[in-house]
Every structure is written in C-alpha cells, then in structure tokens.
Amino acid sequence: MPLIQPLLDGVYPTVARGEGIFLYDTEGKRYLDGCSGAVTTGLGHALPEIVRAMTEQAERVSFSYRLQFRNEPADELAALLEDLAPGDIRWTFFVNSGSEATETAQKMAVQYWTESGRPEKNVVLSRNLSYHGITLGALSLSGHAARRRLFEPLLARNAVVTPPHCYRCPLDKTYPGCDLACADDLERHIERLGDDRVAGFMVEPVIGAAGGAIVPPAGYFARIREICDRHDVLLIADEVMTAMGRTGRMFAMEHWDVEPDLIAVGKGISAGYAPLAAALASDRLVQTIRKGSGVIMSGHTYSGNPLSCAVGLAVMRYVLSHHLVERAAAAEAGMRERLEALQRRHPMIGDVRGLGMMWGLELVADRSTRTPFPAAAQRAARVKEAAQDLGLLVYPALSGADDRPGDAIIVAPPLTTTDAELDLLCDLLDQALEAVEKDS
Ligand SMILES: Cc1ncc(COP(=O)(O)O)c(C=O)c1O
C-alpha cells in the first residue's frame with residue numbers, strides 16, 4: 001500500500017464517480033456530499049459546463065509559465081474577481097491551495113510595509129482558534145493545536161488573539177454585556193508588541209475547521225476594522241472556506257460591511273474541479289509595491305495555470321448565472337430550522353450555528369453545562385463514521401479553544417442542493433446521531 005493515506009492504516013472507500021451532490025464508490029455505494037468534501041465542491045460533481053470548459057482549455061494549452069506568458073483565462077478570472085471583490089480590493093495573485101493563498105497574503109502585507117519604508121512592521125497576528133493552512137507559514141498563524149504540535153519548533157509565530165466564541169467565551173463574558181472584549185484583545189496585543197511592529201491581522205470571517213462554523217457577534221468586525229485603522233494594521237480576511245457564496249454573500253465579510261485589505265480565497269473559486277486559490281489585494285497595497293520594487297516576491301510553477309483558471313472562470317460564471325449566492329442566502333432559514341429540529345431530538349447537539357449554507361453542530365456531553373466530550377471519546381469522528389456508513393459525508397471539526405477539548409461537525413452541502421436533498425441529508429444525519437448515541 002504505497003499511498004500515504006490520512007490514517008496510514010485507515011480503511012477508505014475508493015471513489016468511482018460523482019453526479020450532482022452524490023459520490024459513488026467502486027462498490028456502487030452512494031454518498032450524499034453533506035459537506036462538499038472539505039467545504040469545497042459548491043456546485044456538486046461532474047457538471048457538463050465545467051467539464052466542457054476544462055476540456056476546451058486542455059485542447060488549447062494546459063500549461064504556460066507565468067514568467068514567459070500571460071494567459072486569457074487568468075486575465076479574465078482576475079478581471080471578474082476585481083468586479084466582485086469589495087472596496088479597494090482589485091488585484092489577484094493566483095496560487096494552488098488555500099495555504100499558499102494565506103501565506104501569499106501574509107507575505108504581501110509584510111512586503112507592503114517594507115516598501116512603505118516601515119520594514120519593522122513585520123508581525124502578522126491571528127486568533128488562537130483558527131485554521132489558515134498546513135504549510136509552515138500558514139500553520140504559524142493557525143490556532144489549531146493538533147495540527148501545530150509536532151512542528152512547533154519550525155513555526156515562527158503563535159496565534160494569540162482571543163476568538164469571538166460566544167457559546168464558550170474564552171473570557172467568561174456574555175454578549176452584549178462583554179462590549180466585544182474579544183475584539184479589544186486585538187488592540188491589547190498590538191499595544192503589547194507596539195504598532196510599529198504589527199503588519200496585519202488575519203481572520204476567518206466564520207471560523208471553520210478549528211471552530212465548527214463560529215459566527216462572530218454583531219459589531220465584532222466593525223470594531224476589528226476600527227482597531228486595525230487606528231494602528232495602521234492591514235486586515236487580512238481568510239475567506240478560503242467562506243468565499244464565493246458559501247455564506248450567502250460572495251465574500252463573507254460583506255455580512256458586516258467591512259472591507260479587508262487582503263483576502264485569501266480557495267476552495268469555492270474552482271469548487272473542487274481543479275486546484276486553484278488566490279490572494280486578492282487592495283489597489284493601495286499593490287500600487288505601493290508597483291512604485292517600489294515592482295515585484296510581488298512570491299509565486300509557484302503553477303501560479304495562474306491556464307487550465308485551473310479556465311476551470312475557475314467557468315465555475316464563477318456558473319455561480320453567477322445560476323444565482324447560487326442568492327440561493328445560499330435563501331437556504332439559510334431552512335437549514336437552521338432543520339438543524340435545530342435535529343438539536344431538539346439529540347441532546348448531544350449543544351449549539352447550532354452558521355450562515356447561508358455553512359453550518360456547525362457543536363457536540364457536548366451535557367447540554368445544560370456545555371461540557372464537551374473528552375477528546376478520547378472521538379465524538380465528531382464517530383458521527384462522521386456513522387454518517388459515512390449510512391451514505392452521508394459530514395466534516396469533523398474542533399469546537400474549543402486550544403486548551404479545551406471539543407467536537408463539532410460541519411454541514412455544508414453544495415450550493416445547488418435542493419430542499420428534498422436537504423431533507424434527505426438531515427434524515428441520514430438523524431440516523432447517524434442515533435447510531436452513535438445507542439453505541440455509547
Ligand atoms: C479558512 C481556511 N484557510 C486555509 C485553508 C487551507 O487550505 P488548503 O487546504 O487548500 O491548503 C483552509 C482549509 O481547510 C481553510 O479552511
């Protein structure tokens with residue numbers, strides 16, 4: 001078995017094909033893709049429009065090197081993103097994964113300050129409940145203890161800022177009486193370091209893998225923007241999981257009318273049809289570098305690859321022409337209703353939270369005290385396995401701050417999912433939760 005699997009000795013079915021929101025394994029078993037893989041396949045599988053665009057591009061040219069040529073799909077997709085992106089965000093740097101997108105954004109922030117004559121502004125802050133990617137630069141900013149632990153000696157930074165986790169407030173406060181103390185914690189850290197040192201602050205609009213779809217309270221991001229402005233700190237939104245419609249807005253930060261200086265996107269931009277991600281940057285930032293060195297110091301062999309960009313362009317055109325962002329917004333109430341109905345049936349669901357078509361269920365041993373399951377109970381993993389046995393895919397996530405155990409699962413089906421398919425999803429999830437409860 002020379003292939004290194006996630007669990008080296010794990011047993012995984014072999015995928016044979018996908019159709020709509022379903023995947024089929026080589027034994028013919030069907031799986032409802034209740035979490036879009038890793039919150040990625042927002043359009044479902046094997047859409048003829050995307051396959052056609054991919055084939056047509058492959059027949060013309062699959063690869064050209066960015067130091068030798070520009071290519072039309074990359075130019076057209078960047079122009080489309082310029083139209084869609086909020087505020088002053090205009091420029092796109094294509095990469096291949098979300099981790100590369102957050103790292104590129106981090107580097108662009110530091111380069112911007114260096115080229116503005118302030119090279120000592122080179123620290124990027126982040127929250128201690130977050131996931132920004134698995135490569136070393138991205139992991140450095142991630143508040144995800146399990147993924148960091150082995151590599152701490154290689155990581156440049158610690159994720160230190162308090163997250164807005166109202167269900168288990170790390171500051172033991174309650175909203176709104178807390179007056180957004182978690183947002184003010186950013187200012188405390190900036191002042192501790194000195195704002196002449198801090199280049200940027202990276203945040204997920206909705207905390208995904210490390211939190212199970214944690215949505216910040218009203219006013220949180222407005223306060224964060226104010227703090228960043230007061231201290232000349234760039235706001236970097238990691239929208240790798242949330243962007244391109246998942247939360248019912250093209251970019252999740254639009255929910256709070258807050259404009260970041262840099263945005264990392266991934267997953268939804270090519271909906272799993274090709275590896276593609278990007279760092280999007282404000283005009284102010286890029287013009288400063290343009291007048292300085294004239295070079296964004298980053299890039300990969302496959303950056304702006306014509307085949308991936310043609311796929312991304314076809315995906316984004318499909319998202320727009322099928323009004324999938326509006327569809328995700330319209331699905332929000334129904335998803336909440338269905339998941340809260342499940343919560344009433346299953347005491348282990350402590351909290352239901354989310355936006356659009358990105359939802360988290362926090363799993364607890366005791367709902368009245370919000371006591372998490374011990375890590376050894378592997379609750380999220382067991383629900384994921386029971387669901388998969390029944391033909392449903394859900395995404396296991398964490399739900400607590402670094403020093404606390406906690407389980408959550410993410411439910412985030414393709415944005416194309418119909419009401420009948422949502423009913424089927426919840427019915428299968430109901431059965432999976434029941435199976436785990438009976439077995440405990
Ligand atoms: C918010 C966020 N940022 C970054 C990443 C890293 O993306 P990738 O796995 O494509 O490197 C992820 C992946 O789950 C993510 O959810």
Side-chain angles (χ1 to χ4, degrees), residues 86-89 91 101-130 132-133 137-143 155-165 170-171 173 178-205 207 216-217 219-239 253 256-264 279-293 296-298 401-402:
D88 189 38
I89 301 277
W91 297 81
T102 56
E103 279 202 34
T104 305
Q106 185 181 353
K107 289 160 87 180
M108 283 166 99
V110 169
Q111 189 179 345
Y112 165 77
W113 288 117
T114 300
E115 301 215 12
S116 304
R118 302 177 70 180
E120 67 292 347
K121 257 174 111 58
N122 55 29
V123 175
V124 176
L125 291 170
S126 60
R127 300 180 301 196
N128 63 32
L129 194 62
S130 59
H132 299 298
L139 197 57
S140 259
L141 295 188
S142 298
L155 302 179
R157 298 255 156 250
N158 248 322
V160 288
V161 179
T162 300
H165 191 2
L171 302 172
K173 294 182 187 289
C178 62
D179 191 27
L180 298 168
C182 56
D184 290 340
D185 192 51
L186 170 62
E187 189 152 48
R188 198 175 64 78
H189 282 288
I190 294 172
E191 285 170 351
R192 178 179 57 84
L193 285 160
D195 58 11
D196 52 332
R197 295 283 327 280
V198 183
F201 176 49
M202 184 175 287
V203 272
E204 291 165 83
I207 305 172
Y220 173 82
F221 273 116
R223 179 79 59 87
I224 291 290
R225 182 74 262 187
E226 274 166 36
I227 295 169
C228 287
D229 288 345
R230 199 158 42 242
H231 296 280
D232 269 351
V233 168
L234 299 175
L235 179 57
I236 310 170
D238 176 357
E239 295 238 19
M253 290 299 271
W256 305 284
D257 282 330
V258 166
E259 291 170 6
D261 302 290
L262 286 149
I263 306 180
L280 313 182
S282 72
D283 198 40
R284 170 173 75 121
L285 185 147
V286 175
Q287 296 300 0
T288 301
I289 297 175
R290 212 174 177 187
K291 286 183 210 124
S293 66
I296 300 283
M297 189 36 72
S298 201
D402 274 351

Could you tell me the separation between the [atom1] atom of [X] and the [atom2] atom of [Y], rounded to the nearest 0.5 Å?
X: Met253; Y: Glu259; atom1: CE; atom2: CD; result: 10.0 Å
X: Asp238; Y: Leu262; atom1: CG; atom2: CG; result: 11.5 Å
X: Lys107; Y: Thr114; atom1: NZ; atom2: OG1; result: 12.5 Å
X: Asn158; Y: Ser142; atom1: CG; atom2: OG; result: 11.5 Å
X: Asp195; Y: Arg118; atom1: CG; atom2: CZ; result: 7.0 Å
X: Ile190; Y: Asp232; atom1: CD1; atom2: CG; result: 10.0 Å

So, the side chain of Ser130 versus the backbone of Gly143: is there a donor-acceptor pair under 3.5 Å, distance only? yes
Taking the side chain from Glu239 and the backbone from Glu204, do they hold a donor-acceptor pair closer than 3.5 Å?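 No; zero donor-acceptor contacts below 3.5 Å.
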For [X] and [Y], which heavy atoms make the closest approach, and how far apart are they?
X: His132; Y: Ala138; answer: O-CB, 3.3 Å
X: Val203; Y: Leu235; answer: CG2-CD1, 3.9 Å
X: Ala105; Y: Ala279; answer: N-CB, 4.1 Å

Evaluate the side-chain contact (heavy atoms from CB on, under 4.5 Å) criterion for residues Ile224 and Val258: first the C-alpha distance (whole Å), next the side-chain angles of each, then the deciding distance (0.1 Å), finally the verdict. CA-CA 9 Å; Ile224 291 290; Val258 166; over 6 Å; no
Side chains of Asn122 and Trp113: is there a donor and an acceptor less than 3.5 Å apart? no
Pair Asp184 + Arg223, salt bridge at N-O below 4.0 Å: yes
Would Arg225 and Asp261 pass as an ion pair if we require N to O under 4.0 Å? yes
CA sep, side-chain torsions, deciding dist, call: Asp185, Arg192, salt bridge (Lys or Arg N to Asp or Glu O under 4.0 Å): CA-CA 10 Å; Asp185 192 51; Arg192 178 179 57 84; over 6 Å; no
For a side-chain contact (heavy atoms from CB on, under 4.5 Å) check, start with the C-alpha distance between His189 and Glu187, then their side-chain angles and the critical distance, and finish with the verdict. CA-CA 5 Å; His189 282 288; Glu187 189 152 48; over 6 Å; no
Is the CZ atom of Arg230 crowded by more than 12 outside heavy atoms at less than 6.0 Å?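 Counting neighbours around CZ of Arg230, more than 12 heavy atoms of other residues, nucleotides or ligands fall under 6.0 Å, so yes.
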Verdict with reasoning, Val161 to Phe201, per side-chain contact (heavy atoms from CB on, under 4.5 Å): CA-CA 9 Å; Val161 179; Phe201 176 49; 4.0 Å; yes
Any side-chain heavy atom of Leu234 within less than 4.5 Å of one from Cys228?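 No. Closest side-chain heavy atoms not under 4.5 Å.
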Give the intermediate values and the outcome of side-chain contact (heavy atoms from CB on, under 4.5 Å) for residues Glu115 and Ser293. CA-CA 7 Å; Glu115 301 215 12; Ser293 66; 2.5 Å; yes
